[in-house]
There are 2 protein chains.
Amino acid sequence: MELRAKGLPVPTGSPFTEEIFELLERALKLRRRFLNACDPTFVTDVVSPLFTDLYQLTMLAGYLRHGLHEQEATFDLYIRRAPFEGGYAVWAGLETALSMLESWRFEDVHLAYLRGLGLFDETFLAYLRDWRFRATVTTFPEGRVVFPNEPLLTVTGALGEGQLVETALLNVLNFQTLVATKASRAVLTAANGERAGSVVEFGARRAQGPDGADSATRAAFVGGATGTSNVEAGMAFGIPVVGTHAHAWVEAFASELDAFRAYAAAFPNDCTLLIDTFDTLASGLPNAIRVGLEMKARGQRLRGVRLDSGDLAYLSRKCREALDAAGLADVRVVASNDLDEFVIDSVIREGGRVDVFGVGTRLVTGGGPGGGALGGVYKLVDLAGTPKMKLTADRAKSTVPGRKRVLRVRRDGRALLDVVALEGEDVRPSQLVTDPQNPLNRTRIPSNVEVEDARQVVMRDGQRTHDREELAVLRDRAANDLANLPEGTTRLLNPHVYRVGLSEKLQDLRSRKIAELEASLHS
Amino acid sequence: MELRAKGLPVPTGSPFTEEIFELLERALKLRRRFLNACDPTFVTDVVSPLFTDLYQLTMLAGYLRHGLHEQEATFDLYIRRAPFEGGYAVWAGLETALSMLESWRFEDVHLAYLRGLGLFDETFLAYLRDWRFRATVTTFPEGRVVFPNEPLLTVTGALGEGQLVETALLNVLNFQTLVATKASRAVLTAANGERAGSVVEFGARRAQGPDGADSATRAAFVGGATGTSNVEAGMAFGIPVVGTHAHAWVEAFASELDAFRAYAAAFPNDCTLLIDTFDTLASGLPNAIRVGLEMKARGQRLRGVRLDSGDLAYLSRKCREALDAAGLADVRVVASNDLDEFVIDSVIREGGRVDVFGVGTRLVTGGGPGGGALGGVYKLVDLAGTPKMKLTADRAKSTVPGRKRVLRVRRDGRALLDVVALEGEDVRPSQLVTDPQNPLNRTRIPSNVEVEDARQVVMRDGQRTHDREELAVLRDRAANDLANLPEGTTRLLNPHVYRVGLSEKLQDLRSRKIAELEASLHS
């Protein structure tokens, strides 16, 4: 049977029978899954170059028609506010985004679909067939702590290439940065307790779609979570997987004690017991202690007890006391149930004795005040050597025009402020820099500092310039950066505002452009 | 060159050379993308059976070890509260979920990963190799309007099968139901205006990952959105794609007027102009009108103008007046910029004249009060014929035990209340039903009503019992249901609470189980 008969897009005259085809399909499916196991960016596997807003394609067709598509354009991606009303963001999603840019090709099936929309001519479709991302990407390393109003990522290349990737870049980087930042807030808070608690991610069931879960797991790990319950993401990204059991397990046995004993028998080396199925203190805890002592007598160790409801501060204290009194000091207390950084903070302040916080929904959806989505934007700042800006009624929100560099100013390894300057502009101590949102606020770069380029070229002419980094490297970078910020920058509420300043030349350029645009409006 | 040398899991002795392998890989990639184009559930393509919380696997291994895995178990999936503090939910994601259940297989690579965790023995891995989802799924048809505290979906089958699918079912159904409901709220609100506005989905760049975007587009369409800017989702699900241009387009030309003329020349049949790049009323609107009149003179039609900032009520009125005065009454006003149902409501109340609302972030992330995630849960309610329940300190939150049916009570086609009864139990007018959260609240099923089974078996022993439904059918079902609810049920704030009642027999069973569990606790 010919494959064409099945309506599959196999070239006419293909010698492959259906049987071989299916055999290979199976092999390839395995291969894909195998690659997934090694590939930190497997979620991009289904992201096609059609993952874009229609207007990117119509604009691109228009640029082509008017001969503008090859003009060299520079786009800056930035955020205007830190998420969660906080003072920083953890930059995440870059590896995912770069893999996507490398792999995008318009296949026949995409072109056929676009043709069917009736919007595009054959010249444009032929252009898309040859389209590759050949631009240059300059950005902060993934895992770095970054701030509002500085260009986090810059794409320089043909207008048609920079324009088309906007939607997908924003999608991936907005989401992973949101979640990595959320994770870091929970992780820093949990570590403050007497028990120096850690955070594991438990959110798959409430995440926004399967890769909403998987890429959230990845980002949470970059932000400092130590493990996940999501096995697929654990496999894909090499992240430790953790888990206990559910209430259903307890209900499947004649009694809670039977259920605990059965679980301990099945998992003597990794047994954490959920103790709130019936009554935490009256039933779950004493049963768990009994099983813990039985395990101890067998030379095994009960790893933990998990609380999933009730007053976690009170219950965790009671658990700790009872476990310690029973000689089970090495049994950890795990707590879950609608946690986030604020609840963790409250549990700790009220004397909770939690070792591991299982954080779900609000972590993987980046929920809470100032959360839900990161408002990253992607703006044209230069076209064919002419700085461009988008004026807004509130001038403070106008874009910052021009091709830029970003410098991080440190003293003794600690970050002090970031300076956004013009490309090639020299930046030195004692120079004045200006608040991007209000030129009344100016500050002088202090002396005795190191000034370093904060960003690097990660892709030149569409080719990566570095090897892919291990997830653990990104995670360490984030942890190190978070430990070296000005005091108060990571505070949950009303944080210290880390300074980002525009260089004098950049500030001058922006003022000139505003004046120019205003003049043209009223001419 | 042998493929094994590349570390790929191809059987030893495979006769396929790398060249053939790569050729076929390309063909299969095309095939997959081709299928995507026809397949409303393509996002499941990367969802493996490892997309589950680790504890599902450890419990399953434990059940197997203790010989419990084949016991017949029934799990109910339900929500405790309607999202967005509203009065209903639009049931969505079912087709996606069923495709996933059908396709799940543990491949060698998954088993190898699980083996590497050191938690599981070979008996369990052999069981997983043969694992198929062979259970029976009973649920509301997709698109149906549903309510808290009734079983939305029930899985009946071997304990090991029902348990393993919990995480993925919740992920897909929670998210799509959240977004479909959010969309319906915006759509119903937009339709209230003088212009009977419609809603299009513009959220890809702020969605939670690529399939967070694509599956949100699908769900938004089920909930009543008329189109999307997301081309990939448009192709995958056959949803109309819509778009205009961005500010960058305007900045790429010497003047706004040039940019508008260029766009009109490129897209004479689908030209919507973004008019807020410099100044909406002073520049964008007059330039758009000029181009609209030029198009009219050429026998073409300017399709719309788009507002993306500022006071949308005021600006849309001004646009409408100016367009009408210029003889461009058929040019539509499109508005976007952080919209949701509440902003749309306010724009309409203040006399806004918007034809199309482009809703982004808050739609695709299901944001806003009571949003961000749907708290659907999945609970064991029967095991081997014994009703099961999870007691909670707040008894109102305890599960409802037993195998159930759900009946929808209608009068003249309008839904009045839903009754949850025991499987096989007869339900008739004039019977008493009890509020699941408070037995003090009881009501009598009115007379002169039709009582119909609200759910159906959609998968029996792992096989679908119906053909896949077209997305348009689901969408029509939702629209029809929304139009036939008790007055006030769709109100944005403080809605009428649609009644869901437990039958007398079910209420008796639940009371008995509570008493039984309480007694065992204090014995």
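Only heavy atoms go into these numbers, but all of them, side chains included; no hydrogens, no water, no symmetry mates.
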### Query
Hey, mind stepping through B/Lys390 and A/Thr277 against side chain to side chain contact (heavy atoms under 4.5 Å, CB included) and telling me if it holds?
CA-CA 6 Å; B/Lys390 156 90 177 78; A/Thr277 303; 4.3 Å; yes
Under 4.5 Å, counting heavy-atom pairs only, tell me which of [options] racks up the most with chain B.
| options | answer |
| --- | --- |
| A/Gly243, A/Gly212, A/Gly62 | A/Gly62 |
| A/Gly372, A/Ala204, A/Gly367, A/Ala168 | A/Ala204 |
| A/Gly93, A/Ser255, A/Gly234, A/Gly203 | A/Gly234 |
| A/Phe75, A/Phe253, A/Phe120 | A/Phe253 |
| A/Ala373, A/Gly118, A/Ala248 | A/Ala248 |
| A/Gly366, A/Ser309, A/Ala265, A/Ala61 | A/Ala265 |

Region of [X] in contact with chain B, defined by heavy-atom distances below 4.5 Å:
| X | result |
| --- | --- |
| A/His245 | both |
| A/Ala246 | both |
| A/Leu178 | side chain |
| A/Gln56 | side chain |
| A/Val179 | neither |
| A/Val364 | backbone |
| A/Leu64 | neither |
| A/Arg206 | both |

### Query
Any idea which of B/Thr244, B/Val377, B/Leu380, B/Val172 has the most non-hydrogen atom pairs under 4.5 angstrom with chain A?
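Option with the greatest count: B/Thr244.
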Could you look at [X] and say if it's the side chain, the backbone, both or neither that has a heavy atom under 4.5 Å from chain A?
| X | result |
| --- | --- |
| B/Leu114 | side chain |
| B/Phe267 | side chain |
| B/Leu173 | neither |
| B/Leu119 | both |

### N-O pairing of B/Glu166 and A/Arg205 below 4.0 Å
yes
### Stepwise ring pair (Phe, Tyr, Trp, His ring centres under 6.0 Å) test for A/Trp249 and B/Tyr63
CA-CA 8 Å; A/Trp249 175 268; B/Tyr63 291 141; 4.9 Å; yes
### Message
Please check this pair: side chain of A/Asp211 against backbone of B/Asp211, looking for a donor-acceptor N/O pair closer than 3.5 Å.
### Response
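Yes: the side chain of A/Asp211 pairs with the backbone of B/Asp211.
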#### Entry: Backbone of A/Thr365 reached by a side-chain donor or acceptor of B/Gln208 within 3.5 Å
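Such a contact is found between B/Gln208 side chain and A/Thr365 backbone.
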### Query
Less than 4.5 Å apart, any side-chain heavy atom of B/Val231 and any of A/Phe51?
no
### Task
Compare all side-chain heavy atoms of A/Val241 with those of B/Tyr113 and state whether any distance is below 4.5 angstrom.
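A/Val241 reaches B/Tyr113 side chain to side chain.
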